[in-house]
Amino acid sequence: MYHRDFSTMKESILDKNVNFSEWYNNIIRISKIIDDRYPIKGMPVYYPNGYFAIRKILNILENELEKYGFEPYWFPILIPYEIFKRESEHIKGFESEVFYVTPSKPVEEEKEIKYILRPTSETEMYYMFSLWIRSYRDLPLLTYMTNTVYRYETKATKPLVRGREILWNEAHTAHKDLDDAEKMIKKSMEIYSKVFWDHLSIPHIWIRRPDWDKFAGADYTFAADTILPDGKFLQIGTTHLLGRNFSKAFNIIFEDEHPFIKIDKNKFEAFNENNYRYEIEIIEDKIKIRLYDNNKELIKSYEEKIEFDEDISEDNKNLINKINNIIKNKFNEDKLVNKKFVWQTSFGISMRTLSAVISIHGDNKGLILPFEISHIQIIIIPIYYSEDERSKILKYCEDVYNLLKEKYRVKIDKDDTKSPGWKFNQYELMGVPFRISIGKRELEKNTVTISVRQYDSKSKNYEIKLENLLNELDRLIIEYDKELKERAKKYFENKILKIDNLKDLENNLDKNIAFKVPFCMKEECAKNIKEKYSLDVRGTDIIPEDAKNKKCIFCNTDAKYYVYVGKSY
RNA sequence: GGGACCGUAGUCCAGCCUGGAAGGAUGUCGGUUUGGGGUACCGGUGGUCCCGGGUUCAAGUCCCGGCGGUCCCA
């Protein structure tokens with residue numbers, strides 16, 4: 001059942017709507033995406049049809065990042081264990097699933113761990129960031145790395161979805177203040193949505209993860225979730241505001257123009273030479289300043305009225321001067337320190353994206369790939385009945401191939417041992433968008449027959465004169481991707497049901513959909529939901545939707561926000 | 001983290017309960033035929049029965065451990 005060859009296609013059970021999980025497991029093998037016979041759990045081998053698509057997706061992303069000013073870096077695959085341990089929350093989140101590396105054949109007595117395989121690259125990169133960053137002029141630092149990371153998954157693995165080796169692109173940035181870092185978070189979501197929707201037609205929503213589910217070491221995490229045909233959420237991209245958690249652990253410090261640091265919407269802080277902390281809060285027309293010592297004890301507090309100014313930022317010279325003067329005059333402070341920890345973000349997209357493409361666009365005949373990422377975009381299939389015809393038709397195929405090869409990834413299948421019908425089915429299975437059949441008919445009329453991959457039905461055929469081929473292709477490709485996108489949009493329309501009571505949820509549990517419901521935002525309640533319904537609380541909208549006049553549909557206490565709940569991968 | 005099921009030819013499987021000669025289909029190779037939606041036939045080829053240990057005169061089959069896979073629950 002697990003490793004079907006093309007030959008057994010007729011017998012195989014491949015109904016996406018009846019048993020999605022089985023359909024997925026079969027399709028990724030028979031459509032030449034992966035070969036998971038490699039004898040390590042969670043580490044399959046990727047065939048060209050799969051690896052090419054993964055690389056292409058990551059290339060699209062790299063281009064988008066570079067347009068915004070990101071630059072590629074390469075860091076080693078090994079991280080010294082000592083460095084990995086530095087950020088306490090981070091290590092808590094990852095230590096149980098890292099691969100530990102011993103530098104040579106381990107001797108029984110020497111069990112000391114020296115290195116780990118990177119499970120994600122924050123720690124190794126930020127070790128270097130602390131050496132590179134000196135001045136505000138070094139910021140923002142915008143880096144990305146397309147690489148592999150390793151996580152020791154012990155339980156169920158699923159090709160492309162959960163494995164021990166992950167191909168992905170991770171971006172890491174450092175900024176002078178919170179505003180700048182949050183702008184980056186916004187931009188990262190824009191870039192990712194462009195990749196998911198504009199290029200790959202994957203419908204998705206951005207969700208603010210609840211605190212108990214955020215990235216280890218982050219202040220908050222936003223995730224792009226899509227929903228697969230079985231109604232389960234699949235996370236396909238994440239972006240994290242790391243705040244100053246890592247810069248404090250790794251000592252990533254820069255010297256700024258001025259000493260004030262924006263730490264919240266209307267809060268600043270600053271430090272004096274003794275490392276005493278000033279907290280400056282601006283509320284409507286008041287400015288409040290508090291001074292804390294090293295033990296976080298309040299030493300002095302002061303407030304006064306100011307003219308309200310909309311622009312609360314370090315760039316507002318008026319405001320900064322005002323604060324400076326108060327501190328100088330009322331707190332007798334000569335010098336505030338300009339050295340600050342950087343604000344950081346990190347975000348990533350992995351090959352999981354391909355599993356979403358396969359799951360959402362594919363049908364019972366096989367894969368359907370967006371034109372841009374298909375390894376073979378156009379397959380030419382010669383059809384002939386005699387030796388004499390064969391050479392003429394192959395020559396004609398070569399002519400068509402030469403016409404297309406500059407612009408498209410095109411291939412002629414000259415294999416005589418397979419019938420044309422067999423080939424039609426094989427390339428549809430592999431998700432090749434366009435087929436060009438060339439036989440006697442086309443040869444005589446100087447045309448080609450283009451067949452376009454259709455969802456769950458036979459290809460649509462167009463007979464086109466050779467001189468119109470390039471123009472017609474342009475048009476058909478746009479139409480192909482447009483249909484793909486419209487189908488995906490329609491697919492997603494009824495995937496999330498917004499409801500206010502538990503009965504409606506219970507009645508729809510078997511409908512392969514997700515839900516949006518009023519929720520109390522308590523972790524304990526989320527745990528109960530998981531236990532009782534196997535549903536995860538995925539989080540709120542990025543700007544949470546208010547549910548203050550509602551009751552949490554699970555525990556019936558006052559609700560705070562609407563959250564997304566559903567089964568998940 | 002807990003549980004269920006599974007691993008036999010390149011692939012998909014039967015055989016295991018009840019121990020006694022390694023099977024089928026498909027692929028692959030040679031040939032004939034066929035070719036516009038998975039041609040048909042003839043002949044050949046293909047096995048560390050996942051690995052290690054145990055029980056037994058005898059293990060694919062029973063027992064234990066590991067590796068790998070699928071699913072369910074947390």
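Below, chains carry the letters A, B, ... as their sequence lines are ordered, and counting in each starts from 1.
The side chain of A:Lys418 approaches B:U28 more closely than any other nucleotide in the set B:U28, B:G1, B:G36. When distances are taken from the side chain of A:Lys41 to each of B:G68, B:U70, B:G3, the shortest belongs to B:G68. Each of B:G1, B:G36, B:G38 was ranked by its minimum atom distance to the side chain of A:Lys440; first place goes to B:G36. Comparing B:G1, B:G37, B:G10 against the side chain of A:Arg37 picks out B:G10 as the nearest. The side chain of A:Lys158 lies closest to B:C71, out of B:G69, B:G36, B:C71. Here the side chain of A:Asn25 is nearest to one of B:G69, B:C71, B:G2, namely B:C71. For A:Pro159, the listed nucleotide lying nearest its side chain is B:U70; candidates were B:G10, B:U70, B:C71. Side-chain proximity of A:Glu428 to B:C71, B:G37, B:G35: nearest is B:G37. The side chain of A:Pro420 sits closest to B:G36 out of B:G38, B:G36, B:U70. Checked against B:A74, B:G68, B:G37, the side chain of A:Ser534 finds its nearest nucleotide in B:A74.
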>> As a check on the pairing definition, encode RNA chain B in dot-bracket form, counting Watson-Crick and G-U wobble pairs whose two distances are under 3.5 Å, and using | for partners outside this strand.
In response: (((((((..((((......[..))))((((((.......))))))....(((((..]....)))))))))))).
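Side-chain atoms of A:Gln426 and base atoms of B:G38 include no donor and acceptor less than 3.5 Å apart. Residue-to-nucleotide contacts include a donor-acceptor pair under 3.5 Å from the side chain of A:Arg435 to the base of B:G37.
Figure legend: cation-pi geometry between A:Lys498 and A:Tyr562, with NZ or CZ positioned under 6.0 Å from the six-membered ring centre and within 45° of its axis. Annotation: cation-pi pair A:Arg453/A:Tyr480 absent, no NZ/CZ under 6.0 Å from the ring centroid and within 45° of its normal. The side-chain tip of A:Arg209 does not point at the ring of A:Tyr220 from less than 6.0 angstrom away and within 45° of straight on.
Note on ring orientation: taking the six-membered ring where Trp is involved, the planes of A:Phe554 and A:Tyr533 are tilted (angle from 30° to 60°). Ring geometry for A:Phe52 versus A:His375: interplanar angle of 30 to 60°, hence tilted.
Note on A:Glu442: a base of the nucleic acid sits closer than 4.0 angstrom, heavy atoms only.
Nucleotides B:C50 and B:A9 place their C1' atoms 14 Å apart, quoted to the nearest Å. Nucleotides B:U61 and B:U8 have their P atoms positioned 13 Å apart, rounded to a whole Å. Distance noted for atom P between B:A74 and B:C6: 24 Å (whole Å). Between the C1' atoms of B:G10 and B:G27, the separation comes to 7 Å (whole Å).
Contact check, A:Arg162 against B:G69: no side-chain N or O comes under 4.0 Å of OP1 or OP2.
Note on A:Arg475 versus A:Glu479: salt bridge recorded, some NZ/NE/NH1/NH2 to OD/OE distance being below 4.0 Å.
Residue order along RNA chain B, read from the 5' end via each residue's closest nucleotide, puts A:Gly421 first among A:Gly421 and A:Ala156.
With A:Glu428 as the fixed residue, the salt bridge (charged side-chain N to carboxylate O under 4.0 Å, His left out) test singles out one of A:Lys423, A:Lys365, A:Lys458: A:Lys365.
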